[in-house]
2 protein chains.
Amino acid sequence: MANINEVAKVAGVSVATVSRVLNGQNVVTPKTKIKVEDAIRKLKYEPSMLGRNLRNSESRVLLVLVPTISNPFYFEIIKGIEQNALDHNYNILLCETDSNPERENIYFDLVRKKMADGIISMDPAVNIDTLKELSKNHAIIQCSEYSLEGNIPYVTIDNEDAAYRAVKHLIKLGHEKIALFNSNEKYLYARQRKDGYVKALEEFGIQVNPDYMLYTDQLGFEQGIQATKKVMSLKDRPTAIFSVSDLLAIGALKELNNTGVEVPDEVALIGFDNIDFSNMTHPTLTTIAQPMYQMGTVASTMLINKINGEDVENKFLNHELLIREST
Amino acid sequence: MANINEVAKVAGVSVATVSRVLNGQNVVTPKTKIKVEDAIRKLKYEPSMLGRNLRNSESRVLLVLVPTISNPFYFEIIKGIEQNALDHNYNILLCETDSNPERENIYFDLVRKKMADGIISMDPAVNIDTLKELSKNHAIIQCSEYSLEGNIPYVTIDNEDAAYRAVKHLIKLGHEKIALFNSNEKYLYARQRKDGYVKALEEFGIQVNPDYMLYTDQLGFEQGIQATKKVMSLKDRPTAIFSVSDLLAIGALKELNNTGVEVPDEVALIGFDNIDFSNMTHPTLTTIAQPMYQMGTVASTMLINKINGEDVENKFLNHELLIREST
DNA sequence: ATGAAAGCGCTAACAA
DNA sequence: TTGTTAGCGCTTTCAT
């Protein structure tokens with residue numbers, strides 16, 4: 001494995017000139033440029049990022065923090081981040097925290113130790129104090145999930161409006177007994193979505209029934225099953241369920257199918273996120289689509305700008321209600 | 001951001017001593033060690049991986065190549081790789097090739113340029129010639145999907161036997177008209193799984209019917225629907241389908257549900273991989289479980305050993321037929 | 001047990 | 001346009 005010195009020697013020039021050719025600086029004479037390129041080819045030289053990164057005090061790595069990689073919600077966002085990162089010569093380190101503080105800390109250490117130039121956090125359970133502290137010296141962007149503390153820039157959607165529209169859609173369909181499967185209210189988005197739910201009900205003069213509002217710590221399939229069992233065992237069953245995640249809704253669907261409850265005839269169902277599987281179920285799931293890919297590219301652009309010392313502003317992107325078979 | 005020099009100055013020692021403390025070498029006097037640790041705390045010093053990596057000619061990054069991150073098959077494998085990597089102080093760079101040679105090359109470049117110390121390839125569509133070439137100078141392991149060319153170590157399961165057992169299970173259930181939804185036979189695992197299918201049929205004296213053997217370029221939900229449409233429009237419909245991926249089988253299930261065909265009564269269904277969703281469908285899917293997490297840890301261990309210059313041997317892990325509602 | 005110094009591979013400021 | 005040289009932050013050899 002040749003290094004820049006050997007290339008310089010073979011080409012009969014200095015390392016500075018080789019470096020100039022490598023970095024496409026146009027000061028080099030075509031003639032010398034060719035000499036250098038020949039030497040590079042001859043030696044099969046590959047410039048080492050190790051030297052370059054140390055010299056430039058950068059790693060060209062972006063850290064992407066997700067609670068779990070198996071939640072399909074993150075796929076498109078990650079794709080957006082990654083494509084944008086590659087376009088700007090960055091690579092992404094995808095980090096799964098499992099909402100485990102220890103693991104999270106391993107990853108935070110990577111930016112402290114200069115293995116990463118910045119962080120895009122999508123973990124709602126992230127330790128916001130640590131994040132605040134880190135953001136003083138490092139570039140950080142929050143994506144989708146965010147906290148207002150610490151003035152960390154974020155990109156997200158209007159969660160309240162999204163929930164409002166979903167519930168309004170159910171009401172227009174004639175539903176009045178509408179259950180809400182929500183996330184823990186310690187999360188901002190959970191509070192916002194509840195607000196949207198309540199707002200829609202109140203607008204149509206429907207009493208908010210606490211029995212219909214269920215909270216789960218995780219947003220998975222299993223939790224959807226459990227919540228459905230609970231709500232369907234009430235004397236006064238709901239005729240519609242609004243879940244704040246598709247996975248939750250798919251769990252609900254499974255339980256309803258299992259117990260012979262017809263969807264949407266007996267119980268209508270709305271999810272959130274428009275994951276691929278929401279269109280594969282039987283019946284297909286009405287859901288709220290977030291512009292995930294775009295969210296990813298925007299977050300990535302914001303982060304790269306921040307790394308470059310620019311000021312960045314919070315962004316709100318548009319969502320959309322996708323009406324399918326389950327309502 | 002302090003560096004090692006400042007720490008040395010504040011502690012009143014040389015940088016060598018600081019480095020020794022950092023790396024837990026036991027030669028340092030407790031007294032000086034304390035001085036150094038105090039200085040580190042005082043300056044909030046964080047050692048830079050950039051300097052260390054250059055000095056050690058390593059990046060402590062493992063590159064993990066998958067065709068797509070949205071295929072749930074890879075989740076557990078990736079988790080296994082990651083946990084094992086973290087345990088050995090490595091980080092993983094998860095790379096999605098989209099089976100796109102250009103993208104693939106971007107990632108290969110990372111190891112050429114020392115941004116990664118080795119590769120775990122899980123992409124069946126990987127350019128095997130490039131991989132062979134790379135493996136001369138870099139540590140590479142194949143996981144799950146593999147090619148015998150180039151003597152690149154791999155970890156996998158016995159695909160032929162897995163398929164054989166799945167089909168035998170269907171035969172024992174009384175099925176004789178068994179369709180095979182397979183991947184393109186340019187892939188080794190596709191040929192192996194077909195061999196298992198044929199072997200089971202022949203063992204029970206059942207004629208192999210070419211009409212029942214369908215090939216799809218991708219192993220997704222949509223392909224499952226299309227293949228099912230095709231096979232169910234035959235005059236002599238099959239009574240069972242063996243799909244080489246769960247996603248394919250879930251597509252089949254969707255199509256059968258849509259057209260009112262009862263599963264498993266009219267058509268039995270077997271998938272492959274035991275992805276999470278295979279247990280969420282209605283009915284739940286009989287499938288073949290690969291020890292994915294273990295596959296990941298094994299692959300990661302093999303790679304790290306290879307990076308350290310050790311010899312590594314190919315490994316075959318055990319699979320298991322999970323009988324659920326669809327058969 | 002500790003320190004001085006070289007060097008990993010690169011870029012860029014300065015000089016020519 | 002090109003070369004010389006310092007230095008990014010660290011580890012390690014060799015002296016002491």
- Query: When all nucleic acid strands are considered with a 4.0 Å heavy-atom cut-off, which category describes B:L50: base, sugar-phosphate, or nothing?
  - Reply: nothing

- What are the 5'-most and 3'-most nucleotides of DNA chain C lying under 4.0 Å from any heavy atom of chain A? C:dG9 to C:dA13

- For A:A11, which residues count as a side-chain contact (heavy atoms from CB on, under 4.5 Å) partner, sequence neighbours excluded? A:V13, A:V36, A:A39

Show me the donor-acceptor pairs within less than 3.5 Å that the side chains of residues 42-53 of chain A make with the rest of the protein, sequence neighbours left out.
unit_1, atom_1, unit_2, atom_2, d
A:S48, OG, A:L50, N, 3.0
A:R52, NH2, A:N23, OD1, 2.8
A:N53, ND2, A:M49, O, 3.2

- Task: Would you indicate what B:N5 reaches in the nucleic acid, counting non-hydrogen atoms under 4.0 angstrom: base, sugar-phosphate, or nothing?
- Result: nothing

- Just call it for A:N23: base, sugar-phosphate, or nothing, with non-hydrogen atoms closer than 4.0 Å on any strand. sugar-phosphate

- Task: Keeping to residues at least two apart or across chains, list the salt bridge (Lys or Arg N to Asp or Glu O under 4.0 Å) pairs with something in residues 21-39 of chain A.
- Result: A:D38-A:R41

- Residues at least two apart in sequence or cross-chain that pass side-chain contact (heavy atoms from CB on, under 4.5 Å) with B:I106, listed by chain then number, are A:L86

- Name all residues meeting the ring-ring contact (aromatic ring centres under 6.0 Å, His included) criterion together with A:F75; count only those two or more places apart in sequence or in a different chain, and write none if there are none. B:F75

N/O donor-acceptor pairs under 3.5 Å from side chains in residues 149-157 of chain A, not counting sequence neighbours:
unit_1, atom_1, unit_2, atom_2, d
A:E149, OE1, A:K132, NZ, 3.3
A:T156, OG1, A:S144, O, 3.0

- Taking atom types as modelled, is there a side-chain donor on B:Y107 or B:T97 under 3.5 Å from an acceptor on the other? no

- Sugar-phosphate only, base, or nothing, as touched by A:N53 at under 4.0 Å among non-hydrogen atoms: nothing

- State the CG-CG distance between A:L110 and A:L63, to the nearest 0.5 angstrom. 6.0 Å

- Query: Taking DNA chain D as the partner, which of residues 29-49 of chain B come within under 4.0 angstrom of it by heavy atom?
  - Reply: B:Y45, B:P47, B:S48

- Go through the structure and list residues passing side-chain contact (heavy atoms from CB on, under 4.5 Å) with A:A85, not counting sequence neighbours. A:L62, A:Y90, A:I92, A:S300

- Task: Nearest-nucleotide wise, let me know which of A:G51 and B:R20 is further upstream toward the 5' end of DNA chain D.
- Result: A:G51

- Walking along DNA chain D from 5' to 3', note the first and the last nucleotide with an atom under 4.0 Å from a heavy atom of chain B, and give both. D:dG9 to D:dT13

- Message: According to side-chain contact (heavy atoms from CB on, under 4.5 Å), who are the partners of A:V15, at least two apart in sequence or on a separate chain?
- Response: A:I4, A:N5, A:A8

- Task: Could you tell me which residues satisfy ring-ring contact (aromatic ring centres under 6.0 Å, His included) with B:Y293, sequence neighbours excluded, listed by chain and number?
- Result: none

